[in-house]
Amino acid sequence: MYGIDLNLSWIEQTIANDEKVVRHLSLLEDNPEKTDEGDDFFIQILDSKGKKIAGSASIESKVLKTIMEEDSIGFKKVKLNDATYYISSKRIARTGWTMVVAQHIDFVLLEGYVLGFILAFIIIVGGIVMFIFTSRWIRRAIKPLGFLSDSAREVAMGNFDTPLPTFKRQDEIAQLRDSFSTMQQSLKQYVEELKASTAAKASIESELNVAHSIQMSMLPKTFPPFPERNDIELYGTLKPAKAVGGDLYDFFIRDEKLFFCIGDVSGKGVPASLVMAVTRTLFRNVAAHTAEPNHIVQAMNDAISDSNDNNMFVTLFVGVLDLHSGHLRYSNAAHNPPYLRGTVLPVDSNLPVGVMTDWNYTEQETEMTSGSILFLYTDGLTEAENAQHELFGEKRVSDVISSFEGSPEELIESMTGAVRQFVGGTEQSDDLTMLAIKYRLQQ
């Protein structure tokens with residue numbers, strides 16, 4: 001054909017050799033599942049009519065028709081003998097022949113399978129090696145932390161002298177150890193200071209408890225105070241906001257007259273309690289020599305003002321009740337006006353005791369009818385606050401008194417209950433003192 005004489009046997013041999021070489025390079029000869037070499041890879045030479053000239057296998061006519069109609073079809077996946085192949089063809093110049101190469105799908109993908117298996121194997125082995133190496137490195141790196149954790153556990157249990165591990169490496173763990181050592185020393189010092197502070201606080205609290213007992217012992221605490229008398233009935237309470245406070249009340253009978261007072265020292269705590277003790281002592285001493293309330297208050301004011309370097313003062317109400325007649329004389333030093341027969345007792349405006357010497361305090365008088373109650377209190381009652389910062393106020397005081405009938409003790413208990421219900425769980429902010437006096441005229 002075209003003047004070319006070809007040796008077909010030579011072409012057959014060449015094709016067979018090429019197929020063997022391809023199979024060998026593709027590792028197909030080592031694949032035990034391939035028993036027929038013609039099933040995986042073959043080459044054919046076709047003439048211009050699609051007839052096989054040379055090759056190891058035959059191709060179906062419908063596939064040949066497609067091959068002959070196109071000069072080059074590239075790679076095309078087709079079904080041959082119930083198997084899938086990739087076929088490629090190319091015309092041979094000046095001969096009219098066509099070379100067809102057919103490759104079984106497993107033959108094409110075999111090297112990819114092998115390469116994928118190799119890569120998967122390398123990844124798995126590499127991952128295992130990396131895991132082992134990383135685990136050993138991490139265990140080695142955190143081993144010092146285990147020693148430091150054991151020491152920290154001992155310190156947490158209160159063993160502040162526990163030695164900490166030492167490390168040769170100057171890395172972050174060594175820096176953590178140094179920081180922990182500093183914290184250990186600081187904690188040890190703090191605990192020692194806390195022990196000393198606690199002991200000092202306990203000593204102060206003990207002294208304050210003693211001071212509270214002394215202060216309370218200075219006030220009348222036995223009720224009824226005059227059980228042999230039927231013309232007078234008294235009851236009083238004092239509840240300091242702290243261990244000791246600045247409120248006071250006192251009373252005694254001399255020459256058939258009841259001398260009584262109630263007062264509130266500015267401030268709270270120990271300083272106020274000292275001024276309270278001085279005020280109560282002065283009242284007893286001065287009232288033992290005079291029955292005029294304004295003279296009692298004046299003498300107390302002069303004594304306290306004379307040495308009042310801390311500028312503390314006392315609001316004070318002093319009264320003298322004639323038990324035969326019910327005649328009440330009183331002098332007020334800026335204290336809350338008391339209630340008599342459910343109404344506020346009129347009082348003059350005077351300075352508190354201790355503000356200025358030589359102040360002339362006024363005296364006032366009224367009559368207590370038989371069965372009437374005089375109710376005296378400090379501002380800790382009206383200024384009691386609840387959780388909403390509302391004050392108990394004079395209106396609530398007046399409401400309790402106006403609707404009350406009973407003894408002085410029952411009146412104070414009712415007032416205490418009303419205050420407790422109003423403030424709820426709010427902490428007491430000021431000293432609270434109340435004194436009630438009930439008079440009965442003797443026939």
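Values below: every heavy atom of this structure, side chains too, minus hydrogens, waters and symmetry copies. All figures in this text were calculated on a predicted structure; none of them were measured in a lab.
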* Heavy atoms, side chains only, cut-off 4.5 Å: are Leu376 and Phe260 in contact? -> yes

* Should the ring pair Tyr339 and Phe375 be called parallel, tilted or perpendicular, given that the plane angle runs from 0 to 90° and is split at 30 and 60? -> tilted

* Considering only NZ, NE, NH1 and NH2 on the basic side and carboxylate oxygens on the acidic side, decide whether Glu365 and Arg329 come within less than 4.0 Å. => no

* To do: Can you sort out the partners of Val400 under side-chain contact (heavy atoms from CB on, under 4.5 Å), two or more places apart, ordered by chain and number?
  => Ser414, Met415, Ala418

* To do: State, with a plain yes or no, whether a side-chain heavy atom of Pro338 is found less than 4.5 Å away from one of Phe317.
  => yes

* Counterpart residues, side-chain contact (heavy atoms from CB on, under 4.5 Å), relative to Ala272 (two or more places apart) -> Val265, Met312

* N-O pairing of Lys257 and Asp255 below 4.0 Å -> no

* **Glu413 and Arg420 ion-paired at < 4.0 Å** => no

* To do: Check the pair Tyr330, Leu328 against side-chain contact (heavy atoms from CB on, under 4.5 Å), reporting the backbone distance first and the verdict last.
  => CA-CA 7 Å; Tyr330 60 91; Leu328 173 65; 4.2 Å; yes

* Quick one: list whatever passes side-chain contact (heavy atoms from CB on, under 4.5 Å) with Lys195, sequence neighbours left out. => Val191, Glu192

* Asked: Does atom CD of Glu427 have more than 12 heavy-atom neighbours, drawn from other residues, nucleotides or ligands, at distances under 6.0 Å?
  -> no

* Considering only heavy atoms from C-beta outward, does the side chain of Leu411 approach that of Phe404 to under 4.5 Å? -> yes

* To do: Could you give me the CA-CA distance, side-chain angles and deciding distance for Thr366 and Leu340, then say whether side-chain contact (heavy atoms from CB on, under 4.5 Å) is met?
  => CA-CA 10 Å; Thr366 188; Leu340 179 61; 4.0 Å; yes

* To do: Starting from the C-alpha separation in whole Å, work towards a yes-or-no answer on side-chain contact (heavy atoms from CB on, under 4.5 Å) for Met218 and Thr281.
  => CA-CA 9 Å; Met218 297 176 66; Thr281 302; 4.2 Å; yes

* To do: Could you tell me whether Asp250 and Arg284 make a salt bridge, using a distance below 4.0 angstrom between a side-chain N and a carboxylate O?
  => yes

* Taking atom types as modelled and ignoring hydrogens, do the side chains of Thr378 and Asp247 form a donor-acceptor contact shorter than 3.5 angstrom? -> yes

* To do: Assign the ring pair Phe252 / Phe259 to parallel, tilted or perpendicular, where the plane angle (0 to 90°) is split at 30° and 60°.
  => parallel

* Asked: CD/Glu256 to CG/Asp322 distance, rounded to the nearest 0.5 angstrom?
  -> 8.5 Å

* Structure fact -> In short, salt bridge (Lys or Arg N to Asp or Glu O under 4.0 Å) pairs touching residues 370-394 with sequence neighbours left out are none

* Asked: Which is it for Leu234 and Phe251 under the side-chain contact (heavy atoms from CB on, under 4.5 Å) test, yes or no, and what are the steps along the way?
  -> CA-CA 9 Å; Leu234 297 94; Phe251 53 81; 3.8 Å; yes

* Structure fact -> By side-chain contact (heavy atoms from CB on, under 4.5 Å), Asn350 pairs with (sequence neighbours left out) Asp348, Trp359, Tyr361, Thr362

* Asked: So do Arg280 and Asn285 actually touch side chain to side chain, heavy atoms under 4.5 Å?
  -> no

* **Set of side-chain hydrogen bond (donor to acceptor under 3.5 Å, both in side chains) partners for Thr279, sequence neighbours left out** => none

